[in-house]
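What follows is a set of notes on a single structure, which appears directly below.
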Amino acid sequence: MNRAIEVLVPKEIIQMILESAKSLHPKETIFLLRGKARKDKIIISEIVIPPSATYGKGFASLPMFMMPIDFSIVGTSHSHPSGSLALSVEDLNHALGKIMLVAAYPYNSVECLAVYDRRGEKLKLRVT
Ligand SMILES: [Zn+2]
(Lines give C-alpha, C1' and ligand atoms only; values in the text may rest on other atoms or scores of the structure.)
Protein backbone atom coordinates (compact mmCIF):
# COMPACT_ATOMS: atom_id res chain seq x y z
CA MET A 1 0.00 0.00 0.00
CA ASN A 2 1.23 3.46 -0.90
CA ARG A 3 0.62 5.10 2.47
CA ALA A 4 2.35 8.28 1.44
CA ILE A 5 -0.70 9.47 -0.45
CA GLU A 6 -4.03 10.08 1.16
CA VAL A 7 -7.28 10.55 -0.72
CA LEU A 8 -9.77 12.81 1.03
CA VAL A 9 -13.40 12.32 0.08
CA PRO A 10 -16.35 14.18 1.62
CA LYS A 11 -18.98 11.99 3.28
CA GLU A 12 -21.72 13.24 0.92
CA ILE A 13 -19.76 12.07 -2.12
CA ILE A 14 -19.14 8.66 -0.53
CA GLN A 15 -22.88 8.36 0.11
CA MET A 16 -23.73 9.39 -3.44
CA ILE A 17 -21.32 6.84 -4.91
CA LEU A 18 -22.69 4.05 -2.71
CA GLU A 19 -26.33 4.96 -3.29
CA SER A 20 -26.06 5.20 -7.07
CA ALA A 21 -24.13 1.95 -7.22
CA LYS A 22 -26.89 0.34 -5.19
CA SER A 23 -29.70 1.71 -7.32
CA LEU A 24 -28.06 0.76 -10.63
CA HIS A 25 -26.97 -2.69 -9.49
CA PRO A 26 -26.31 -5.08 -11.29
CA LYS A 27 -25.17 -2.46 -13.79
CA GLU A 28 -21.91 -0.67 -13.25
CA THR A 29 -21.83 3.01 -12.30
CA ILE A 30 -19.09 5.40 -13.36
CA PHE A 31 -18.26 8.86 -12.16
CA LEU A 32 -15.46 11.27 -12.81
CA LEU A 33 -13.88 12.74 -9.71
CA ARG A 34 -13.05 16.40 -9.64
CA GLY A 35 -10.66 17.85 -7.12
CA LYS A 36 -7.15 18.95 -6.36
CA ALA A 37 -3.95 16.96 -6.35
CA ARG A 38 -1.27 17.91 -3.86
CA LYS A 39 2.07 16.26 -3.29
CA ASP A 40 0.87 14.03 -0.46
CA LYS A 41 -2.89 14.11 -0.88
CA ILE A 42 -5.71 14.25 -3.34
CA ILE A 43 -8.77 16.19 -2.28
CA ILE A 44 -12.02 15.26 -4.00
CA SER A 45 -14.55 18.07 -4.20
CA GLU A 46 -17.13 16.96 -6.73
CA ILE A 47 -18.38 14.01 -8.74
CA VAL A 48 -19.28 14.37 -12.39
CA ILE A 49 -21.48 12.00 -14.37
CA PRO A 50 -19.80 11.03 -17.66
CA PRO A 51 -21.63 11.22 -21.03
CA SER A 52 -24.94 9.39 -20.66
CA ALA A 53 -24.37 7.03 -23.59
CA THR A 54 -21.80 5.11 -21.58
CA TYR A 55 -23.65 5.07 -18.29
CA GLY A 56 -24.19 1.63 -16.81
CA LYS A 57 -22.24 -0.13 -19.56
CA GLY A 58 -19.01 -0.68 -17.67
CA PHE A 59 -15.90 1.23 -16.93
CA ALA A 60 -13.91 -0.20 -19.82
CA SER A 61 -16.40 1.24 -22.32
CA LEU A 62 -15.85 4.83 -21.23
CA PRO A 63 -14.45 6.33 -24.41
CA MET A 64 -11.43 8.55 -24.01
CA PHE A 65 -12.53 10.94 -26.73
CA MET A 66 -15.67 11.78 -24.80
CA MET A 67 -13.73 12.80 -21.76
CA PRO A 68 -13.90 16.45 -20.95
CA ILE A 69 -10.58 18.23 -21.36
CA ASP A 70 -10.52 19.23 -17.78
CA PHE A 71 -7.47 19.05 -15.60
CA SER A 72 -9.55 19.30 -12.45
CA ILE A 73 -10.59 15.67 -13.11
CA VAL A 74 -8.25 13.77 -10.79
CA GLY A 75 -9.66 10.32 -11.38
CA THR A 76 -12.67 8.07 -11.71
CA SER A 77 -15.00 6.04 -9.55
CA HIS A 78 -16.78 2.90 -10.66
CA SER A 79 -18.69 0.05 -9.12
CA HIS A 80 -17.99 -3.66 -9.06
CA PRO A 81 -21.31 -5.51 -8.99
CA SER A 82 -19.26 -8.71 -8.54
CA GLY A 83 -18.37 -7.62 -5.01
CA SER A 84 -14.62 -7.61 -5.64
CA LEU A 85 -12.60 -4.68 -4.37
CA ALA A 86 -9.62 -5.58 -6.52
CA LEU A 87 -8.88 -3.82 -9.80
CA SER A 88 -9.23 -5.77 -13.01
CA VAL A 89 -6.74 -5.73 -15.87
CA GLU A 90 -9.25 -3.66 -17.86
CA ASP A 91 -9.38 -1.11 -15.03
CA LEU A 92 -5.63 -0.67 -15.13
CA ASN A 93 -5.60 -0.48 -18.91
CA HIS A 94 -8.25 2.22 -18.89
CA ALA A 95 -7.04 4.26 -15.93
CA LEU A 96 -7.84 7.93 -16.32
CA GLY A 97 -6.38 10.57 -14.08
CA LYS A 98 -4.41 9.86 -10.92
CA ILE A 99 -6.77 7.72 -8.90
CA MET A 100 -9.40 5.04 -9.25
CA LEU A 101 -12.04 4.54 -6.63
CA VAL A 102 -13.85 1.20 -6.58
CA ALA A 103 -17.18 0.58 -4.87
CA ALA A 104 -17.96 -3.10 -4.40
CA TYR A 105 -21.33 -4.78 -3.90
CA PRO A 106 -23.25 -4.64 -1.46
CA TYR A 107 -22.27 -0.94 -1.24
CA ASN A 108 -23.20 -0.63 2.43
CA SER A 109 -20.36 1.37 3.92
CA VAL A 110 -16.87 2.74 3.46
CA GLU A 111 -15.71 -0.88 3.87
CA CYS A 112 -17.07 -1.42 0.36
CA LEU A 113 -14.72 1.18 -1.08
CA ALA A 114 -11.08 1.10 -2.10
CA VAL A 115 -8.92 3.68 -3.80
CA TYR A 116 -5.88 3.03 -6.01
CA ASP A 117 -3.36 5.02 -7.96
CA ARG A 118 -3.15 4.47 -11.72
CA ARG A 119 -0.57 1.73 -11.30
CA GLY A 120 -2.95 -0.20 -9.06
CA GLU A 121 -1.33 0.56 -5.74
CA LYS A 122 -3.80 0.96 -2.92
CA LEU A 123 -4.02 4.42 -1.37
CA LYS A 124 -5.33 5.56 1.98
CA LEU A 125 -8.95 6.72 1.88
CA ARG A 126 -10.08 9.33 4.37
CA VAL A 127 -13.70 10.39 4.70
CA THR A 128 -13.98 14.07 5.51
ZN1 LIG B 1 -13.40 -2.32 -12.29
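Atoms within a ligand are numbered from 1 in the order they appear, just like the ligands themselves. Since the model is a prediction, treat every value here as computed from it, not as a measurement.
- In this structure, OD2 of D91 and NE2 of H78 enclose an angle of 100° at the Zn ion (ligand 1), rounded to 10°.
- Contact annotation: E90 places no N, O or S atom under 2.8 Å from the Zn ion (ligand 1).
- Residues L125 and L113 meet the side-chain proximity criterion, which asks for heavy atoms closer than 4.5 Å.
- Within H80, the N/O/S atom positioned nearest the Zn ion (ligand 1) carries the name NE2.
- Using modelled atom types, one finds no donor on one side chain facing an acceptor on the other under 3.5 Å when comparing R34 with S45.
- With a 4.5 Å cut-off on side-chain heavy atoms, H25 and Y105 count as touching.
- The shortest side-chain heavy-atom distance between M100 and D91 falls under the 4.5 Å cut-off.
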